[in-house]
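Notes follow the structure.
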Amino acid sequence: MDSSLKRLMKIDVRWLYLLMAIFVTFPLLRPLGLPLAITKEVRTTFERVNSMVSAGDIVLVDVDFDPSSAPELLPQFLAMGKHLLQKKARIISFSMTAGGFMYQRDFTENIAQKEYGYKYGEDIISLPYKAGNEAAYASFGKDMKALYTEDYYGKPLSSLPLWSQIKTPKDADLCICYCAGDQAVWLIRQVGQVTGVPVMNGTVASSGAFMTPYWASGQMVGFVVGMSGAAEYELLSKNPGSAAGAMDGQSFGHILITLFVVLGNIGYYYDQKSRAKKR
Amino acid sequence: MNISTNAGVWVAALLTVGLFSWMYKENPWFRVVEHIYVGAQVGHLAIVGLQNVQEMAWKPLTQGNMLLILPLAGGVMLFSRWSRKYAYLSRVPVAYIMATTAAVLISGTIKSSFLDQITATMKLGLTSVNNVIFVISCVSATAYFLFTLDQKSIAGPVTLGGRYALMVAFGAAFGYTVMSRISLFTGRMQFLLGDWLGLIR
């Protein structure tokens, strides 16, 4: 027992990488269709989007992610974004992250306009990237009309009908932020609590624990975490995407990590015990 | 199997494989990809920075908003740190940045990250097991940071409970982080197997 554990403690880490690659990749190639439970957070978010958003309502969508967090946030954005389009909400998207524009543009041009027949300027607007982190959100909350004078394409916003129907973020019915870092907190404190617009957040799993208190305290009306949250939303809204298909691999990866943690702790325990004996 | 014919997909796939190759051992291809990644990132940030100056300061300035000379001058003064003789000039914009950041942050932080959350916890009725666990964990974890409490007194078990509550929170944060990292890996594998090799839809 001791010798095999010793060997296990000295295992070449590359075997662990290989095992992880197999465990995650195999279910992608041969989906197993493991059941996916819907969490309370995602169900509540879905139900609130259903009840709070009606046709013609204005929704502010903060596309605050770049390729480094796209595997988790893009499926969330697409599933929830399509849900908004199906409800015929009017969308004003913006981004305070330099890499967010490509997802905004793709959603506006290829999904909203081509697939759902949205008219640019009347039903949907893309605002350009603004630098400044929390100060930019503060400007957005204080006077969004002064912060933005042109849209993403360089057109004067005064020429777009949808823009004339909103003066402050408070005129919107909902604000949804997809972000990997502190942007949701900035949005809550500089836009949500200043103007009173209800805020929802889609975040990466590594920020889930950090953002949960804001959800539990009621400062956010919706909360979706990670790729699993995206998969749940895809199922609820019947908008299949990449997240639901990745859940088998995700589950297998978690099983393997759990196994590693248990084995590592058993090995550590016996290692400490044998060292104590030698002393 | 329907391999991509898109040159961009091939470049992205070969760069991804190059970065993954480090897991076997460090190699020249990994080094090349690593340098491309760092270079592209620095180049992107430099261009974004220049565009910010152009769009947010230079363009409005040339349109007659002369007040923007002040932040532009402040930005230039930041570069004086490279000169020993004039380094003191950089303190003015640094002090301005610190003061405005503090002003923007403090008021919002006190309400959203402190008062609102304390209020929500105080309003939480002890009507379910979850709520009871929540309140006990919150009180004991806060008590853990009261360093003047004598650990041998009655406060001992409370702070010990707080320590366990914190460990549970760290465990949850670790679990979330693992989930996040596996999601990133899954996303890359979906790209390699789907977009590049066409093995999955």
Side-chain angles (χ1 to χ4, degrees), chain A residues 13-14 17-18 20-21 24-25 28-29 31 68-72 74-75 98-99 128-135 137-138 180 185-186 188-190 192-194 204-210 212-214 216-219 225-228 230 242-243 245-247 249-250 253-254 257-258 261, chain B residues 12 20 22-25 44-45 47-49 51-53 55-56 60 97 100-101 103-105 107-113 116-121 123-124 130 134 138 169-194 199-201:
Chain A
V13 72
R14 287 177 294 187
Y17 293 149
L18 181 66
M20 179 56 78
V24 171
T25 310
L28 289 177
L29 294 167
S68 63
S69 46
E72 291 181 88
L74 185 58
Y129 158 68
K130 288 288 175 192
N133 296 332
E134 187 158 2
Y137 282 97
V185 178
W186 300 338
I188 288 167
R189 62 186 176 211
Q190 302 297 348
Q193 74 181 18
V194 172
V204 291
S206 53
S207 294
F210 173 67
T212 299
Y214 293 91
S217 64
Q219 289 166 282
V225 181
M227 195 184 257
S228 61
S242 62
M247 277 303 99
Q250 185 93 24
H254 288 180
I257 290 277
T258 310
V261 171
Chain B
F20 281 166
W22 176 86
M23 287 189 280
Y24 181 66
K25 68 175 185 181
H44 179 245
L45 286 176
I47 294 295
V48 168
Q51 275 182 343
N52 288 341
V53 174
E55 292 294 320
M56 295 169 82
I97 291 167
T100 48
T101 306
V104 168
L105 248 75
S107 57
T109 306
I110 288 173
K111 188 172 184 322
S112 71
S113 304
D116 282 357
Q117 292 189 17
I118 292 171
T119 310
T121 309
K123 282 182 182 170
L124 205 65
N130 275 352
F134 190 96
C138 181
F170 296 146
F174 174 71
Y176 265 134
T177 305
V178 167
M179 185 165 135
S180 201
R181 300 297 172 254
I182 292 178
S183 296
L184 294 182
F185 180 61
T186 308
R188 280 292 83 191
M189 292 314 290
Q190 279 181 320
F191 168 75
L192 290 177
L193 298 172
L199 291 170
I200 54 173
R201 282 184 190 175

Which answer fits B:Ile182, side chain, backbone, both or neither, if we ask what part of it has an atom under 4.5 Å from a heavy atom of chain A?
both
Could you tell me whether the side chain of B:Gln117 and the main chain of A:Ser217 form a donor-acceptor pair under 3.5 Å?
no
Tell me, side chain or backbone of B:Leu184 under 4.5 Å from chain A's heavy atoms, or both, or neither?
both
Proximal component of A:Ala138, with respect to chain B [non-hydrogen, under 4.5 Å]:
side chain
Answer yes or no on whether B:Arg188 is positioned over the face of B:Phe185, meaning its NZ or CZ is under 6.0 Å from the six-membered ring centre and within 45° of the axis.
no
Most chain A-contacting option - heavy-atom pairs closer than 4.5 Å, from B:Gly187, B:Ser183, B:Gly108:
B:Ser183
Just wondering, are more than 12 heavy atoms of other shown residues or ligands nearer than 6.0 Å to CZ in B:Phe134?
no
Can you say whether A:Glu72 sits under 4.5 Å from chain B via the side chain, the backbone, both, or neither, judging by heavy atoms?
side chain
Under 4.5 Å from any heavy atom of chain A - which part of B:Met56
side chain
Which one wins on heavy-atom pair count under 4.5 Å against chain A: B:Val48, B:Thr109, B:Thr121?
B:Thr109
Between A:Lys130, A:Met20, A:Met227, the one whose heavy-atom pairs under 4.5 Å with chain B are most numerous:
A:Met227
Under 4.5 Å, counting heavy-atom pairs only, tell me which of A:Ala243, A:Pro128, A:Ser242 racks up the most with chain B.
A:Ser242
The interface call for B:Asp116 against chain A, heavy-atom contacts under 4.5 Å, is both
Could you check which of B:Val104, B:Ile118, B:Thr177 has the highest count of heavy-atom pairs closer than 4.5 Å to chain A?
B:Val104
All heavy atoms of A:Glu134 vs all of A:Arg189, minimum pair found to be OE2-NE, 2.6 Å
Separation between OG (B:Ser107) and CD (A:Gln190), nearest 0.5 Å, reads 6.5 Å
Top of A:Tyr137, A:Trp186, A:Tyr129 for chain B proximity - count of heavy-atom pairs under 4.5 angstrom:
A:Tyr129
Quick check against the 3.5 Å criterion: does A:Gln219 have a side-chain atom that pairs as donor or acceptor with the backbone of B:Ser112?
yes
Let me know if B:Thr119 has heavy atoms under 4.5 Å from chain A in its side chain, its backbone, both or neither.
neither
Would you check if there is a donor-acceptor pair between the side chains of A:Ser207 and B:Tyr176 at a distance under 3.5 Å?
no
Chain A interface, residue from B:Asn52, B:Leu199, B:Leu192 that has the most non-hydrogen pairs under 4.5 Å:
B:Asn52
Region of B:Thr101 that comes under 4.5 Å of a non-hydrogen atom in chain A
neither
For chain A, which of B:Arg181, B:Lys111, B:Met179 has the most heavy-atom pairs under 4.5 Å?
B:Met179
Which one wins on heavy-atom pair count under 4.5 Å against chain B: A:Ile188, A:Thr25, A:Val204?
A:Thr25
Part of A:Ala70 within contact of chain B (heavy atom distance under 4.5 Å)
neither
Which atoms of A:Val225 come close to chain B, meaning under 4.5 Å heavy atom to heavy atom: side chain ones, backbone ones, both, or neither?
both
Quick one: which of B:Gly175, B:Ser113, B:Gly194 has the most heavy-atom pairs under 4.5 Å with chain A, could you say?
B:Ser113
To the nearest 0.5 angstrom, please state how far the CD1 atom of B:Ile200 sits from the CG atom of A:Leu28.
5.0 Å
